[in-house]
Amino acid sequence: MIFVTFPDGATRQLESGASGLEIAKSISPSLARRSVAMSIDGRLCDLGDRITTDSRVEFLSREDPRALGLIRHDAAHVLAEAVQTLFPGTQVTIGPVIENGFYYDFYRREPFTPQDFPAIENKMAEIVARDKPFTKEVWMREKAKAWFKSQGEDFKVELIDAIPQNEEIKIYRQGEWLDLCRGPHMTSTGKIGGAFKLIKVAGAYWRGDSTKPMLQRIYATAFAKPEELAAYLKQLEEAERRDHRRLGREMDLFHFQEEGPGTVFWHPKGWTLFQTLISYMRRRQSELGYIEVNTPQVLDRSLWETSGHWQTFRENMFISKTEDERVFAIKPMNCPGHVQIFKNGLKSYRDLPMKIAEFGIVHRYEPSGAIHGLMRVRAFTQDDAHIFCTQDQILEESLKVNDLILSIYKDFGFDDIVIKFSTRPPKRVGADDAWDKAEEALSRVLKTLAGRGAKTAINLGEGAFYGPKLEYTLRDAIGREWQCGTTQVDFNLPGRFGAFYIGPDSEKTTPVMIHRAVFGSLERFAGILIEHYAGHLPLWLSPVQIVVATITLEADDYAQEVIAQARKRGLLAEGDLRNEKITYKVREHSLAKVPVLLVLGKKEAASRSVSIRRLGSQAQTHMGLQEVLNMLEEEATPPDVARARAGKAPVQTPGLALSFIHSIRSND
RNA sequence: GCCGCAAUAGCUCAGCUGGUAGAGCACGUCAUUCGUAAUGAUGGGGCCGGGGGUUCGAAUCCCUCUUGCGGCACCA
């Protein structure tokens, strides 16, 4: 006999081996009818599974959020059956559930196209309507292999071989059709319902390996209710409207063209935004004792060989051979340049930590398929810095970098951050004991941050070739994740370049280098901001803050005065004195996402006031000119400047004594 | 880089199975000075992404290159 506990606390004593369905029936027929699966001790299972030990059991209806994954997974099986019915000879591979839906990878010579979707969807609906039960069978390994082989399903055979010997080979049937699957599934295909849709078709390598065959992946989604599907499709449209490539054109920020694949032509407004980001970062960094430098764009190959970049990334570098046969590389990273600056002139331990920063433009010959708007480009600007320090300073400096990163993201409206720790990759430079030290330092940082409530994760083997790293991933307004900031502890490059400082013992000592970036790529960060705010940038970031629009030419003189006064206060103001109707001007500047529209007519000119209309609102407020300018000037103040004025310090690591900073401060 | 799709006016797009291009918006000009998301009239604008081929004839069919889009792989 076994004891089963239900969510409401009730318990029941049962024969060992009773199936979930039997138990549900014994409780009530309606429960049995409603249930599509169950959870045993928190683990999702088939309703038909037998319970053999004392456990907590919960029955799930198809409306349960936990059943959504089952609906999608079941739909994946139905998709596979539909495709194999309509396109005989197609091989099935895998079909997992992913965020927002599922996919199934097929192998077939002829391409699938979206034109095939309606037929596939109809066939799926047919299979759902047949409402055949999903039944599980456990097969002998050899039987399963032989069966799939006889069906010409070579990929499935490979999958079976990959299943560990101690695991069962499970087969799920849905009527005539069956598939190798670890389950669980709902009770029948009918439970999937009608809220499913095929989304797109794309290529994908078998087992994610670019040396293996290319499969055809059909992406789809399914929901419990049609309204949820509709809401999801609407969200996709919303994302499209926010696409920074589209907004970049509409807002006249930048463009791309054929002759410069993956490289940005920044227009005046886009460049203003870019410069706003740089000015902000300069203030934040210099406050913390960073010194800014500039290093050469083109450097001899030997430097890249010393750093190890040549050996690792040669294929992805822009190389140039000069007439005298010298080989140069356009810099893909700033670190070798910064090491040269550190090396130039003798350094003492008293100079450490030395924080060398550069808004360095780096070029990387990214694979053609990787290029994507501002998010992945071949030439970008990093807010790069290298902190040369002693081993004892690693923890404290890394935490200070962390505080800077989090505080900056907050200023831009991002507070959902995940910090990922990437450990040593298979292809790397340097001795293992150095890696041990570097990883230990960063894992201590990670632990400290986790202790403070940060979301953390570990990516085994994904560190840089010279050191482990922390990667800061932020989530934008529509839930997408972007990797931006990074902290990398490097025990290798300073030594490879022969950098040293004189320690307290008068000995030459190799410094540790912490590579760090906050925005990462300024291009990408600008793109993220545009999408995060859907183009409605906060006033301090907006490249045009105010447009002064006149209703009649009788207000022209006053308008000129308003523009001049706004500019005098450092506001980015433009005038629209064209002979157009005010409705036309309002529409145009609203589409251009101008945050503040000051409308001036006879009344305002006479009373020295303005009518103010904010982007995204139809409301109009009348205010006195000085009053409005005071308000806008305050609103347009960057958050760090506003904090400084209010005498507030940015976020600091609590409980960490800050050591005295010996580093050279820049004089400006 | 790989798979698939695409490229026509500044933008969004039409152009059926081959007969040398069309709309709306934008832009120019004129009129209108009109109080919060499109005033009217009128005009100009295209080597149909590049190259090659098939054909009497190619935006349209074929090949190839380039670029873009969606994924995959990659991302110091």
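Quick note on labels: first sequence line is chain A, next is B, and so on, each numbered from 1. Any value given below was found using the heavy atoms of this structure, including those in side chains, with hydrogens, waters and symmetry copies removed.
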Considering every strand and a 4.0 Å limit on heavy-atom distances, what is the contact class for [X]: base, sugar-phosphate, or nothing?
X	answer
A/F256	nothing
A/S210	sugar-phosphate
A/P261	sugar-phosphate
A/D209	nothing
A/G208	sugar-phosphate
A/K427	nothing
A/Y219	sugar-phosphate
A/G463	nothing
A/A204	sugar-phosphate
A/L597	nothing
A/L553	base
A/A464	sugar-phosphate
A/H255	nothing

Distance below 4.0 Å between [X] side-chain N/O and [N] OP1 or OP2:
X	N	answer
A/R245	B/rC69	yes
A/K212	B/rC72	no
A/H372	B/rG70	yes
A/T583	B/rA37	no
A/K200	B/rG71	yes
A/Y584	B/rA26	yes

Mind calculating the distance between [atom1] ([X]) and [atom2] ([N]) to the nearest angstrom?
X	N	atom1	atom2	value
A/Q483	B/rC75	CD	C1'	9 Å
A/F102	B/rG71	CZ	C1'	16 Å
A/L215	B/rC3	CG	P	13 Å
A/F465	B/rC74	CZ	C1'	16 Å
A/M317	B/rC74	CE	C1'	17 Å
A/R376	B/rC74	CZ	P	10 Å
A/D105	B/rA73	CG	P	10 Å
A/F254	B/rG68	CZ	C1'	14 Å

| message | Using a 6.0 Å cut-off, check whether atom CD of A/E240 has over 12 heavy atoms from anything other than its own residue. | response |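 Count not over threshold, so no.
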
| field | Heavy atoms of other groups near A/K585 NZ, more than 12 under 6.0 Å | value | yes

| said: Would the base of B/rG1 count as contacting A/Y205 through its side chain, where contact means a donor and an acceptor less than 3.5 Å apart? | reply: yes

| A/E471 and A/Q488 side chains, donor-acceptor separation under 3.5 Å |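 Side chains of A/Q488 and A/E471: no pair found under 3.5 Å.
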
| task | Describe, in one word, how the ring planes of A/W271 and A/W266 are oriented to each other, choosing from parallel (under 30°), tilted (30 to 60°) and perpendicular (over 60°). | result | tilted

| field | Any residue of residues 601-621 of chain A with a heavy atom less than 4.0 Å from an atom of RNA chain B | value |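 A/G601, A/K602, A/K603, A/E604, A/S611, A/R613, A/Q618, A/Q620, in order of number.
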
| task | Give, ordered by number, those residues of residues 108-120 of chain A having at least one heavy-atom distance below 4.0 Å to an atom of RNA chain B; if nothing qualifies, reply none. | result |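 Listed by number, they are A/P111.
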
| query | Is A/F313 stacked on the base of B/rA76, meaning ring centres closer than 5.5 Å and planes within 30 degrees of each other? | reply |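 Stack criterion met.
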
Do the charged groups of [X] and [Y] touch, with an N to O distance under 4.0 Å?
X	Y	result
A/E250	A/R241	no
A/R608	A/E561	yes
A/R516	A/E397	no
A/R108	A/E110	yes
A/K212	A/D209	yes

Between [options], spot the one nearest the side chain of [X], thanks.
X	options	value
A/I582	B/rC3, B/rA76, B/rG35	B/rG35
A/S590	B/rA37, B/rU39, B/rA76	B/rA37
A/R249	B/rA76, B/rC11, B/rG70	B/rC11

| message | If I pick the P atom on B/rG4 and the same atom on B/rA76, what distance separates them, to the nearest angstrom? | response | 29 Å

Kindly indicate whether a cation-pi arrangement holds for [X] with [Y], taking the cut-offs as under 6.0 Å to the six-membered ring centre and within 45° of the axis.
X	Y	answer
A/R378	A/Y365	yes
A/R314	A/W310	yes
A/R217	A/Y103	yes

| request: Determine whether the aromatic ring centres of A/F265 and A/H255 lie less than 6.0 Å apart. | output: yes

| field | Derivation and outcome, side-chain contact (heavy atoms from CB on, under 4.5 Å), residues A/Q91 and A/F106 | value | CA-CA 6 Å; A/Q91 289 192 54; A/F106 298 98; over 6 Å; no

| said: Side chains of A/K602 and A/Y558, heavy atoms from C-beta outward: is any pair under 4.5 Å? | reply: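 Not touching, per the 4.5 Å side-chain cut-off.
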
| message | For a stem of at least 3 consecutive Watson-Crick or G-U pairs with distances under 3.5 Å, i pairing with j, i+1 with j-1 and so on, which stems involve RNA chain B? | response |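 Looking at RNA chain B, the stems formed by three or more consecutive pairs are B:1-7 with B:66-72, B:10-13 with B:22-25, B:27-31 with B:39-43, B:49-53 with B:61-65.
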
